[in-house]
Protein chains: 2
Amino acid sequence: MLGLSISTISRALKNHPDISEKTKQRVNELATALDYEPNTNAIQLRTSKSNLFGLIVPTVSNFFYDSFIASVEEESRKNNYSLMILQSGDDPVIEMQNLKLCRQNRVSGVFTCLSSQTINIDSFTKFKDLEIPVIFFDLVPDMQGINKVCVADVLSATIVANTINIKKKKKVFALFGKPNLSITKKRLEAFKYNIDKKIVTTYLHANNTPEAEQFAMEAIKQNADTIFCMSDEILVGVMKAIQKAQLQIPTDIAVIAISNGFIPKLYYPEITYVETSGYKLGKLAFSSMMACMAGSAFMQELTIESMLVEGGSI
Amino acid sequence: MLGLSISTISRALKNHPDISEKTKQRVNELATALDYEPNTNAIQLRTSKSNLFGLIVPTVSNFFYDSFIASVEEESRKNNYSLMILQSGDDPVIEMQNLKLCRQNRVSGVFTCLSSQTINIDSFTKFKDLEIPVIFFDLVPDMQGINKVCVADVLSATIVANTINIKKKKKVFALFGKPNLSITKKRLEAFKYNIDKKIVTTYLHANNTPEAEQFAMEAIKQNADTIFCMSDEILVGVMKAIQKAQLQIPTDIAVIAISNGFIPKLYYPEITYVETSGYKLGKLAFSSMMACMAGSAFMQELTIESMLVEGGSI
DNA sequence: ATAACTTTCGCAAACGTTTGCGAAACGGTT
DNA sequence: AACCGTTTCGCAAACGTTTGCGAAAGTTAT
């Protein structure tokens, strides 16, 4: 329509110095008039650069992951990347299908959280051969030579233990999650190491909210003065039990948790917790990804700070 | 490597009847040996079919949207579509950028929830010209000739009103959300219409959780016997106020809400609520999308059923 | 052996871009 | 007027697929 060649149009649209200002203006005007939008597929095919990240998560519908996703999406948009979000449903088979999808879409990188069932991570190492960066977050494989971003599990559990020590508690029930997860192991170990040995401590593993509620009822029956919840999932169950028993917090029983922060603020008094922000973790994961993209072959495990947020529950 | 042409390979991989079984097998073996993955960009460019949906939401980090997303993602995967998730941050400008992204990526369809600020929906109607189906959900434009899926706002509010009527309440505070949203208008109108006129009812609009808490404190001060919460956001604030005031539910004060169901189950007694499931809405939105893709030019507003889930709060 | 099918495959164009290279047009200097 | 240097643009190949059409090879019937 302008009597110009395709290449000229392409260059004009991209503000190439070879093209005169007059021409650029004519092109841009027509482009907006027709509201032309470049075809991402063609661009990516031609340049073999995708500007697409994959993000695999057990489920989107989760206090922690949703804020992580929100954070990564936000950064991606700012940096002109798109995000393809995939749920594994905690199923290693679907996880593999999702990885395949990532490859087919020629993603520039993958953020992934292992499903709690995953044992074999060969499908992930394949990405290393293809030079596609993979950032593991939250639930990460227990090995070296990969990029991981995690909340500071050891530090968090240590802070909790110290807080309980300082408050001179006598009888603590510590509720942890699934025992096979590295996140559980780390928190459990650090807690055990730091809790005052004079405190009578009962350790339990709850697989889900109802189990946590059961354990909390048991704790109440045994006159525990403190319950520690390793995660929001557990906290919810514990609070249910405490409300049922009509106990006052913190006078009848104290509660402390490791949490994203949303759930603790739902109650009054608010629950004291050590913060593990999905939002911050997302930012960290993204910057780690950008470092990889920039060529840093430096594999490392990064952690975000965690700090105590005082409610009135202990 | 097999002495075959590209076209034969292509056909063999797609199980085309023209290709002999022997050849197909040889091709497939080599393909898995090399672990070949087709380039989605090339396919989409060639076929101009994208198998990609866009989903625009104010924020991923939200009780309702996260389950909606989880649901749509699940269905998409089952149907061999990918999902590109975009957050608008409730900002119409970003919303427009996201729409542009959808177009550039040649999505096959868009699921979108308006930001509460959006007035001008021209950018959306542009999609209609391009014959790209758009399914609005939750916060939908107030016009005809578009596809919308919504929770049954009128029904939900009616159920709530009737429940309050039956319980013979005397003094109700009804807390609604932002007054400009269609969702608010519909619920308010239906509630007003159905609530027993003998009941003293105070209507308030809370823009966020803290405001809801303020209003709830006011309600308590004025000895209200019932508080209705239009949304989870409001419920959270109300519960905070009630816990602060150390009131017993439902003896001192009754609570009823419209909710996704997660928050009400956090408390004891659990809050009675009318369910508006993001998960179900996602399923409905997806099937509506599939209908559009199949060529149904039939624009309509669909709603999901809602039903009362009894807790012990009223 | 020839003809007439059937099976099996290859050619080449097309999708919408990017980009190295070369060429036309233009301006200025002798 | 011839030459040279810039500025401004076009040609064509390439990215990895799909697909209509035609052709070679194989099979069967005469």
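Chain A is the first sequence line, chain B the second, and so forth, proteins listed ahead of strands; every chain is numbered from 1. Values below: every heavy atom of this structure, side chains too, minus hydrogens, waters and symmetry copies.
Here C:dG16 presents its P atom at 14 Å from CZ of B:Arg103, a figure rounded to the nearest Å. The distance between atom CG of A:Asn39 and atom P of D:dG16, rounded to the nearest whole Å, is 16 Å. Between B:Leu13 atom CG and D:dT19 atom P there is a gap of 13 Å when expressed in whole angstrom units. We find that CG of B:Asn41 is positioned 22 Å from P of C:dA14, with the value rounded to whole Å. Following rounding to the nearest Å, B:His16 (NE2) and D:dC21 (C1') show an atom-to-atom distance of 12 Å. Rounded to a whole Å, the CD1 atom of B:Ile6 is 12 Å from the P atom of C:dA12. Here the C1' atom of nucleotide D:dG26 and the NZ atom of B:Lys22 are 11 Å apart, to the nearest Å. A:Leu45 places its CG atom 9 Å from the P atom of D:dC15, with the value rounded to the nearest Å.
In this structure, A:Glu74 pairs ionically with A:Lys283, as a charged nitrogen and a carboxylate oxygen lie closer than 4.0 Å. Ionic pairing of B:Glu29 and B:Arg26 is not present here: no N-O contact between side-chain nitrogen and carboxylate oxygen is shorter than 4.0 angstrom. Using a 4.0 Å cut-off between charged side-chain N and carboxylate O, B:Lys185 and B:Asp153 make no salt bridge. The pair B:Glu301-B:Lys186 meets the salt-bridge criterion, since a charged nitrogen lies less than 4.0 angstrom from a carboxylate oxygen.
Between A:Ser7 and A:Thr47, the one whose closest nucleotide on DNA chain D sits nearer the 5' end is A:Ser7. Closest-nucleotide positions on DNA chain C for B:Ile9 and B:Arg106 were compared, and the one nearer the 5' end corresponds to B:Ile9.
Side-chain atoms of B:Asn98 and B:Ser88 include no donor-acceptor pair closer than 3.5 Å.
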Protein N or O to nucleotides 6-9 of chain C N or O, pairs below 3.5 Å:
{"from": "C:dC9", "atom 1": "OP1", "to": "B:Thr23", "atom 2": "OG1", "distance (Å)": "2.6"}
{"from": "C:dC9", "atom 1": "OP2", "to": "B:Ser20", "atom 2": "N", "distance (Å)": "3.0"}
{"from": "C:dC9", "atom 1": "OP2", "to": "B:Ser20", "atom 2": "OG", "distance (Å)": "3.3"}
{"from": "C:dC9", "atom 1": "OP2", "to": "B:Thr23", "atom 2": "OG1", "distance (Å)": "3.1"}
{"from": "C:dC9", "atom 1": "N4", "to": "B:Asp18", "atom 2": "OD2", "distance (Å)": "2.9"}

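Judged as a salt bridge (charged side-chain N to carboxylate O under 4.0 Å, His left out), and not counting sequence neighbours, the contacts of A:Glu73 are A:Arg77.
Within the structure, every side-chain polar atom (N or O) of B:Lys49 is placed at least 4.0 Å from both OP1 and OP2 of C:dC15.
When the options B:Phe68, B:Phe111, B:Phe64 are evaluated for a ring-ring contact (aromatic ring centres under 6.0 Å, His included) with B:Phe137, the one that passes is B:Phe68.
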